[in-house]
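Here the structure comes first, spelled out in C-alpha cells, and everything after it is commentary.
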Amino acid sequence: MKRTEIKDVLKCDDFGSQVNVKGWVRTKRGSKNVSFIALNDGSTIKNVQVVVDHLVIGKSMFGVPKSTKVLGSKDFAQINELLGNINTGTALSVTGDLVESPGGHQKVEVYPTNIEILGMADPKDYPLQPKKHSLEFLREKAHLRYRTNTFSAIARIRHAMIFAIHKFFNDKGFYNIHSPIITGSDAEGAGEMFQVTTMDLNQIPKGEDGNVNFQSDFFGKATNLTVSGQLEAELAALALSKVYTFGPTFRAENSNTTRHLAEFWMIEPEVAFCDINDDMDLAEDMLKYVIRYALDNCKDDLEFLSKRLHDEEKNKKADERSMELIEKLNFVLDDDFVRITYTEAIQILRNSKPNKKKRFQYIIEGWGADLQSEHERYLVEKHFKKPVILTDYPREIKAFYMKQNDDGKTVRAMDVLFPQIGEIIGGSQREEDYEKLAKRMEEMEIPEESMWWYLETRKFGTVPHAGFGLGFERLILFLTGMGNIRDVIPFPRTPLNCEF
RNA sequence: UCCUCCUUAGCUCAGUUGGUUAGAGCACCUGACUGUUAAUCAGGGUGUCCUAGGUUCAAGUCCUAGAGGAGGAGCCA
C-alpha cells in the first residue's frame with residue numbers, strides 16, 4: 001500500500017479509509033488492552049496517533065482467535081513481543097483505518113491492522129527520550145537531533161528560507177551565480193582564510209629563501225577557501241546587471257560566540273546601475289519578503305518555536321524576556337527600517353543615558369570610533385525599537401572597495417542592524433572609479449597584481465553598482481528565536497569542533 | 001585571543017562550615033491498569049562525583065595543573 005505523509009493524513013477526513021504511514025516513534029503509552037503510539041515522519045511537526053487495540057492486532061496479524069480473553073495466554077506472546085520492540089526512536093510502517101479521534105488533542109488517528117517494524121531502537125541505548133533535552137546535549141548528538149521537534153522545525157524553516165530567497169531574487173530578475181569555493185586570491189579582505197593544499201604537511205617543499213614553495217602544490221600557487229563571493233559577483237553584475245550568490249563561506253577566525261561559525265552560508269546580491277539607496281531598498285525588501293514567507297508557510301513550526309522560547313525564558317525576569325516570536329516577526333514587517341548615518345548615530349549615542357552615566361563598556365568620545373555591539377543594540381533595542389540601517393561610516397574602519405564620499409572621510413557603507421543578533425547585513429555601494437580604487441588599495445597595502453582582474457572592470461565600462469552580504473544562519477537565528485548559531489546549522493564548524 | 005562560569009546516575013540537576021552506605025525528577029527494568037496525550041500507580045539505583053597530582057585523620061566539597069562545555073567581549077555575516 002502506498003505511503004501517505006503524516007502532514008496529509010492529518011488533513012484527511014475520509015474516515016474509514018485505509019492508510020499507510022511510516023515514521024519514527026516519539027512516544028508509546030499503553031495499558032493492558034490498548035497502546036498509543038505518537039508517530040512522526042518529518043513532513044510536519046505534528047505526530048499522528050496510532051491506537052493499537054491489542055486484540056485487534058493479535059487477530060489480524062497473528063491469527064489470535066476472537067474468543068481469546070486470557071491476556072496471559074501464549075497467544076499474546078507475539079503481541080507482547082511486537083509491542084515490546086516498539087520504543088521511542090523505532091521506525092514503523094503502520095497500515096490501518098483512518099478514524100475520527102475521540103480524544104481532544106487530535107482530529108484523526110490510525111487504527112492499525114498491521115504494524116511492521118522497519119528499524120528497532122534499543123531504549124537502553126537510544127539517547128533521545130520523550131522529554132526536554134538541553135541544546136548542549138543535543139549538539140553532541142547532532143546526528144540524531146533532527147528527530148526532535150526543535151531541530152526538525154528549524155530544518156523545515158531553513159529549507160523554506162533557502163527557497164524563499166531564491167524565489168525573491170528570481171522573481172526580481174536576478175541571476176544566481178556560483179562563485180568559486182577555492183580561491184587563488186588572498187585579498188578578499190574579509191578575515192582569516194583556510195588554506196587549501198594537497199602537499200604532504202610533513203614534508204613541505206621550501207625555496208631557497210626558506211618560504212614554502214607552492215609551485216609543486218595542486219594549483220601551483222597558494223590557495224584558500226573563499227571568505228566572500230562578492231568580488232566575483234561584482235564581475236558578473238557588471239555584465240548581467242542583477243546577480244546574487246548563495247554559497248558556503250569559510251572564515252578561520254578564532255571566534256567563540258553564539259553568532260559566529262567557521263563554515264556558514266551567505267547570500268550576496270550585486271546590482272549594476274544601483275546606488276546605496278537602491279541597495280538599502282533591496283535589503284529591506286528581501287528581509288521583509290522572506291519573513292513574510294516564513295509567517296505564511298511555516299506557521300506550525302514557528303508556533304512551536306515560539307512556545308519553546310517562552311518556556312525557556314519562564315525563569316527570566318519580565319524585562320529580560322524577548323518579544324513573542326511571531327509578534328517580533330510581524331513587528332519587523334510593520335515599520336520602515338530607520339535609516340541614519342554613522343555621524344547621526346554617534347550624536348545619539350553621545351547624548352544617550354548609558355554613555356553619559358558611563359554604563360557602556362566603551363564610552364563614545366567622538367567621531368571615528370567603531371561601534372561596539374552594545375552601541376548597536378542600544379540603537380536598535382532601546383532608542384529606535386526597530387531595525388536600523390546605518391550608513392556612511394568612516395572610511396578607516398571599512399573595506400577598500402567601498403565607494404568614497406566627497407567629504408573625503410566617509411564611505412557609502414550600510415549595515416542592517418537587528419534586535420538581539422546585531423549586524424545581519426553588511427553592504428555598500430562599490431567604488432567604481434579606477435583611480436580612487438587603485439589609490440585606496442595602495443593605501444591599504446592590497447597587492448594590485450593579485451587583483452588585476454577586479455581593477456580591469458573599472459577600466460572597461462565601469463558603472464555605479466552596489467551589493468550586500470546576508471549571513472544566512474543569522475537570519476535563521478532571528479526567525480527561529482534560537483540563541484546559538486550552532487543550533488541553526490545541522491553540523492556546526494567552530495574552533496576546535498568539527499565533529500560529524 | 002581575553003574575561004567569567006560550569007563538569008555528580010542514560011538526561012536535567014541537588015548535595016550545607018570538608019565528616020557514616022552520594023540523592024531527587026524523568027528515562028530504564030519488573031508488575032498493575034479498558035482511551036492515553038511528556039498517561040497514571042507500586043517496586044527496583046543502574047555512579048571512574050571530568051582527569052592527574054596535592055593538602056587533610058577524612059575530599060563530590062579545599063589547592064594546583066590539564067581536558068571538555070557554556071556565556072560575554074573582540075573580529076565579523
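The shown structure was predicted, so the numbers you read here are calculated from the model rather than taken from an experiment. A note on names: the letters A, B, ... follow the listed sequences, proteins ahead of strands, and every chain is numbered from 1.
Comparing B:rU36, B:rU1, B:rA77 by their closest approach to the side chain of A:N254 singles out B:rU1. Counting only heavy atoms from C-beta on, A:S373 has its side chain closest to B:rG74 among B:rG74, B:rG35, B:rC33. In this structure, the nucleotide among B:rC76, B:rG69, B:rA39 sitting nearest to the side chain of A:R251 is B:rC76. In this structure, of B:rG35, B:rA70, B:rC33, it is B:rC33 that holds the atom nearest to the side chain of A:K32. Which of B:rG35, B:rA77, B:rA39 sits closest to the side chain of A:L261 comes down to B:rA77. When each of B:rC11, B:rA77, B:rU34 is scored by its nearest atom to the side-chain atoms of A:N33, the top-ranked nucleotide is B:rU34.
Regarding A:L138, its CG atom lies at a distance of 13 Å from the P atom of B:rA70, rounded to whole Å. Distance, A:E376 CD to B:rA77 C1': 12 Å, rounded to whole Å. If you take CG of A:N149 and P of B:rU37, they are 18 Å apart, rounded to a whole angstrom. Between A:F137 atom CZ and B:rA9 atom P the separation is 12 Å, expressed in whole Å. We find that CG of A:D122 is positioned 16 Å from P of B:rA27, with the value rounded to whole Å. Counting to the nearest Å, the P atom of B:rA73 and the CG atom of A:D370 are 15 Å from each other. Rounded to an integer number of Å, the gap from A:E253 CD to B:rC2 C1' is 15 Å.
To the nearest 0.5 Å, the span separating CD on A:E234 from CD on A:E268 amounts to 10.0 Å. For the atom pair OH of A:Y126 and CG of A:L128, the computed distance is 4.0 Å after rounding to the nearest 0.5 Å.
For A:K131 against B:rC11, a side-chain N or O and a base N or O form a donor-acceptor pair under 3.5 Å. Checked by distance alone, A:S255 brings no side-chain donor or acceptor within 3.5 Å of a matching partner on the base of B:rC76. With hydrogens and angles ignored, no donor-acceptor pair closer than 3.5 Å exists between the side chain of A:R26 and the base of B:rA38. No donor-acceptor contact under 3.5 Å links the side chain of A:Q372 to the base of B:rG74.
Using a 4.0 Å heavy-atom distance criterion, A:S134 is classed as a sugar-phosphate-only contact. At the heavy-atom level, A:P123 lies under 4.0 Å from the strands shown only through sugar-phosphate atoms. Using a 4.0 Å heavy-atom distance criterion, A:H133 is classed as a sugar-phosphate-only contact. Among the protein residues, A:F264 comes within range of the nucleic acid bases, having at least one heavy atom under 4.0 Å from a base atom. Counting any heavy atom pair closer than 4.0 Å across all strands shown, A:I424 reaches sugar-phosphate atoms only and no base atom. Residue contacts shown for A:S35 are absent, as no nucleic acid heavy atom lies under 4.0 Å away. In this structure, A:E473 reaches neither bases nor backbone, as no heavy-atom distance under 4.0 Å exists between it and the strands shown. Residue-level contact check: A:G30 touches the bases, meaning some heavy atom is under 4.0 Å from a base atom. A:L475 comes within 4.0 angstrom of nothing in the nucleic acid, heavy atoms only. A:E109 comes within 4.0 angstrom of a base, heavy atoms only. A:N256 comes within 4.0 angstrom of a nucleotide base, judged by non-hydrogen atoms across all strands. A:T258 comes within 4.0 angstrom of the backbone, heavy atoms only, and of no base. As judged by a 4.0 angstrom heavy-atom cut-off over every strand, A:Q129 is placed among the base-contacting residues. The residue A:E140 sits apart from the nucleic acid: no heavy atom pair falls under 4.0 Å.
A distance of about 15 Å separates the C1' atoms of B:rG25 and B:rG15, rounded to the whole Å. Taking the P atoms as reference points, B:rG10 lies 7 Å from B:rG47, given to the whole Å. When the P atom is compared between B:rA59 and B:rU55, the two are found 11 Å apart, to the nearest whole Å. Comparing B:rC76 with B:rG18, their C1' atoms sit 48 Å apart, to the nearest whole Å. Of the C1' atoms belonging to B:rU61 and B:rC50, the separation is 15 Å, rounded to the nearest Å. Straight-line distance between the C1' atoms of B:rC13 and B:rC49: roughly 13 Å, to the nearest whole Å. Using P as the reference atom, B:rU40 and B:rU48 are 29 Å apart when rounded to the nearest Å. Going from the C1' atom of B:rU8 to that of B:rA22 covers 8 Å, rounded to whole Å.
Taking only side-chain nitrogens and oxygens, A:S31 never comes nearer than 4.0 Å to OP1 or OP2 of B:rA32. Look at A:R259 and you won't find any side-chain N or O under 4.0 angstrom from OP1 or OP2 of B:rC75. Side-chain nitrogen and oxygen atoms of A:T257 include none within less than 4.0 Å of the OP1 or OP2 phosphate oxygen of B:rC76. The phosphate of B:rC76 (OP1 or OP2) has no side-chain N or O of A:R474 nearer than 4.0 angstrom.
Taking the side chain as every heavy atom from C-beta outward, A:D392 and A:R412 approach each other to under 4.5 Å. Looking at heavy atoms from C-beta onward, A:N355 lies in side-chain contact with A:I363 at the 4.5 angstrom threshold. Looking at heavy atoms from C-beta onward, A:N176 lies in side-chain contact with A:H166 at the 4.5 angstrom threshold.
Stem regions for RNA chain B, each three or more consecutive Watson-Crick or G-U pairs with both distances under 3.5 Å and listed by first number, read B:1-7 with B:67-73, B:10-13 with B:23-26, B:28-32 with B:40-44, B:50-54 with B:62-66.
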When you compare the protein's N or O atoms with those of nucleotides 42-49 of chain B, which come within less than 3.5 Å of each other, and at what distance?
none

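Around atom CD of A:E81, no more than 12 heavy atoms belonging to other residues, nucleotides or ligands sit under 6.0 Å away.
Ring geometry for A:H375 versus A:F360: interplanar angle over 60°, hence perpendicular rather than tilted (30 to 60°). Using bins of under 30°, 30° to 60° and over 60° for the plane-to-plane angle, the ring pair A:W367/A:Y342 lands in the perpendicular bin. Under the 30°/60° scheme for interplanar angles, the aromatic rings of A:F163 and A:Y293 are found to be tilted.
Residues A:T27 and A:R29 have side chains that bring a donor and an acceptor to within less than 3.5 angstrom of each other. Checked by atom type, the side-chain pair A:N149/A:R26 shows a donor-acceptor distance below 3.5 Å.
In terms of position along RNA chain B, the nucleotide closest to A:H105 lies nearer the 5' end than the nucleotide closest to the other residue of the pair A:Y362 and A:H105. Where A:Q49 and A:N87 each meet RNA chain B at their nearest nucleotide, the meeting point lying more 5' is that of A:N87.
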Checklist entry - Is there a side-chain hydrogen bond (donor to acceptor under 3.5 Å, both in side chains) between A:S35 and A:H54 once you walk through the steps? => result CA-CA 7 Å; A:S35 293; A:H54 300 178; 2.8 Å; yes
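A cation-pi contact links A:K328 to A:F478, judged by a cut-off of 6.0 Å to the six-membered ring centre and 45° from its axis.
A:E303 has no carboxylate O lying under 4.0 Å from a charged side-chain N of A:K307, or vice versa, which leaves the two without a salt bridge.
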